[in-house]
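In what follows, a single structure is set out as structure tokens and then discussed.
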Number of protein chains: 2
Amino acid sequence: MEQNSRLKAASLTPGTVRPGGRTAKVRAAVLEATQEALVEGGFHGLNMDRVAARAAVGKTTVYRRWGSAAGLVADLLRDMAEQSVPAADTGSLEGDLLANARLVHRTLTDPRMGPVFRAVIAAAACDEECATALHGFYATRVAAWATCVERAADRGEVPAGTDAGEVVRAVSAPLYYRFAVSCEPLGEADAERAAAAAATAARAGTFTGN
Amino acid sequence: MEQNSRLKAASLTPGTVRPGGRTAKVRAAVLEATQEALVEGGFHGLNMDRVAARAAVGKTTVYRRWGSAAGLVADLLRDMAEQSVPAADTGSLEGDLLANARLVHRTLTDPRMGPVFRAVIAAAACDEECATALHGFYATRVAAWATCVERAADRGEVPAGTDAGEVVRAVSAPLYYRFAVSCEPLGEADAERAAAAAATAARAGTFTGN
DNA sequence: CGCCTAATGGAACAGAATTCCCGTTTGAAA
DNA sequence: TTTCAAACGGGAATTCTGTTCCATTAGGCG
């Protein structure tokens with residue numbers, strides 16, 4: 001006698017019930033292949049079939065676990081959000097913000113990371129789940145760098161009540177704007193200007209919470 | 001005498017040799033349908049087939065003249081770039097920048113324009129032609145608003161040699177960053193803060209060309 | 001007003017993406 | 001170690017997207 005009444009447990013997100021060995025290995029291979037594919041062809045060129053082939057995984061598995069190209073990117077983003085990058089501590093607000101600006105600049109102009117970020121932004125503009133994942137990614141990063149601004153507030157470099165996260169965002173914004181919106185080339189000078197502008201505005205109290 | 005050697009002219013971009021009545025009407029209908037489709041389904045949901053149906057145009061025509069979804073968006077962008085929006089002239093740098101920030105904020109939060117801009121950014125991240133078109137669009141807009149900063153320089157509000165375009169970009173950047181990158185909600189306060197920060201940094205000479 | 005051909009539109013066609021089916025592999029609990 | 005079902009893999013079936021063919025419509029010039 002056969003009893004096959006376990007549809008429920010299995011139908012909810014494969015990979016969560018038995019996350020041991022093979023499943024984890026498949027996920028790692030697929031996310032790696034996804035990133036590689038994004039570097040080469042961007043979000044538009046992301047192809048479930050090719051990702052499966054490159055990851056040496058059955059395409060049925062990719063469709064079943066991730067569902068669509070957007071699902072792949074969303075999971076990749078969740079994976080990226082876990083890899084934390086420690087913030088700088090140079091002793092001055094200007095120095096810390098400059099370090100942040102240079103990190104963002106280096107990331108966006110990196111031949112590998114640049115295309116990935118471009119693709120991820122495209123995916124977020126196309127899919128709600130990706131947008132949420134990208135939001136989470138930056139929330140983590142901004143929170144990490146906000147400590148620089150808090151230290152500056154303690155030192156009296158910026159007014160008390162300054163919105164630390166807003167200062168950090170002000171550093172990244174011009175760089176991402178050039179990168180993804182106005183599609184202009186990004187130079188070292190842009191990073192320096194972004195850091196300087198954010199520091200100046202912060203010192204003047206522009207980012208004081210309401 | 002027979003001369004049938006104008007195959008060349010026709011093979012290059014249909015719609016350029018005989019741009020009268022019908023052709024122009026078709027383009028208008030297709031671009032209108034494209035925009036409508038972007039509002040509803042974003043760039044990912046843009047479908048040549050459905051655009052053709054909505055525009056009451058043969059899909060062969062859409063494929064022949066625009067080639068792909070990205071081609072449609074690129075042409076839409078070229079169309080949008082032609083519709084100029086005059087810059088403000090309130091008499092003060094702060095006032096003009098605030099007017100600009102509010103315009104950008106209003107545009108991005110508009111239930112119709114918001115999705116279009118989101119889709120256009122996605123398209124630019126996926127396709128080189130769209131990126132170029134988007135770049136052109138913002139080049140036009142930035143140039144139009146740069147006059148505000150030049151007037152401010154004449155009035156002595158900002159140092160001579162200030163990069164006017166850079167000031168204008170600094171106003172938009174935080175708004176677009178929230179809109180497309182960190183995927184955070186956009187509020188009126190964000191517009192005010194962006195304008196104030198840009199004005200402060202400009203007055204301090206941060207945007208002085210090297 | 002009438003010709004010539006650019007431009008269009010419908011339908012058949014080709015190809016890629018996605019789903020379905022079912023047997024096989026393998027993690028983990030007994 | 002044994003057992004059982006979660007998770008995987010290959011390929012057929014299906015659906016959807018994009019292309020090509022050819023007849024038809026309609027600008028623009030003489």
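The figures here come from the full heavy-atom set of this structure, side chains too, leaving out hydrogens, waters and symmetry mates. We name chains A, B, ... by the order of the sequence lines, and we start the count at 1 in each one.
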So which nucleotide from [options] ends up closest to the side chain of [X]?
X: K59(A); options: dT17(D), dG11(D), dT8(C); answer: dG11(D)
X: D49(A); options: dA17(C), dG9(D), dA12(D); answer: dA17(C)
X: T60(A); options: dT18(C), dG10(D), dT8(C); answer: dG10(D)

Looking at [X], I'd like to know whether one of its side-chain N or O atoms comes within less than 4.0 Å of OP1 or OP2 on [N].
X: R64(B); N: dT20(D); value: no
X: Y63(B); N: dG18(D); value: yes
X: T61(A); N: dG9(D); value: yes
X: R50(A); N: dA16(C); value: no

Practice task
Not counting sequence neighbours, which residues clear side chain to side chain donor-acceptor pair (under 3.5 Å) with R50(A)? List them please.
Solution key: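 Listed in chain order: nothing, the list is empty.
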
Pairing of [X] and [Y] as salt bridge, 4.0 angstrom limit:
X: R78(A); Y: D75(A); answer: yes
X: R151(B); Y: D96(B); answer: yes
X: E32(A); Y: R54(A); answer: no

Atom [atom1] of [X] and atom [atom2] of [N]: how far apart are they, to the nearest Å?
X: K25(A); N: dG9(D); atom1: NZ; atom2: C1'; result: 17 Å
X: R22(A); N: dA5(D); atom1: CZ; atom2: P; result: 16 Å
X: M48(A); N: dG9(D); atom1: CE; atom2: P; result: 14 Å
X: L72(A); N: dT18(C); atom1: CG; atom2: P; result: 10 Å
X: R65(A); N: dT19(C); atom1: CZ; atom2: P; result: 17 Å

Handout entry: Heavy-atom donor-acceptor pair, R65(A) side chain to T23(A) backbone, under 3.5 Å
Key =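 Such a contact is found between R65(A) side chain and T23(A) backbone.
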
Exercise for the section: Looking at every strand, decide which applies to R27(A) at a 4.0 Å heavy-atom threshold: base, sugar-phosphate, or nothing. Expected result: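 Nothing, no heavy atom under 4.0 Å.
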
Practice task
Nearest-nucleotide wise, let me know which of A56(B) and N47(A) is further upstream toward the 5' end of DNA chain C.
Solution key: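 With N47(A) and A56(B) compared, the 5'-side residue is A56(B).
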
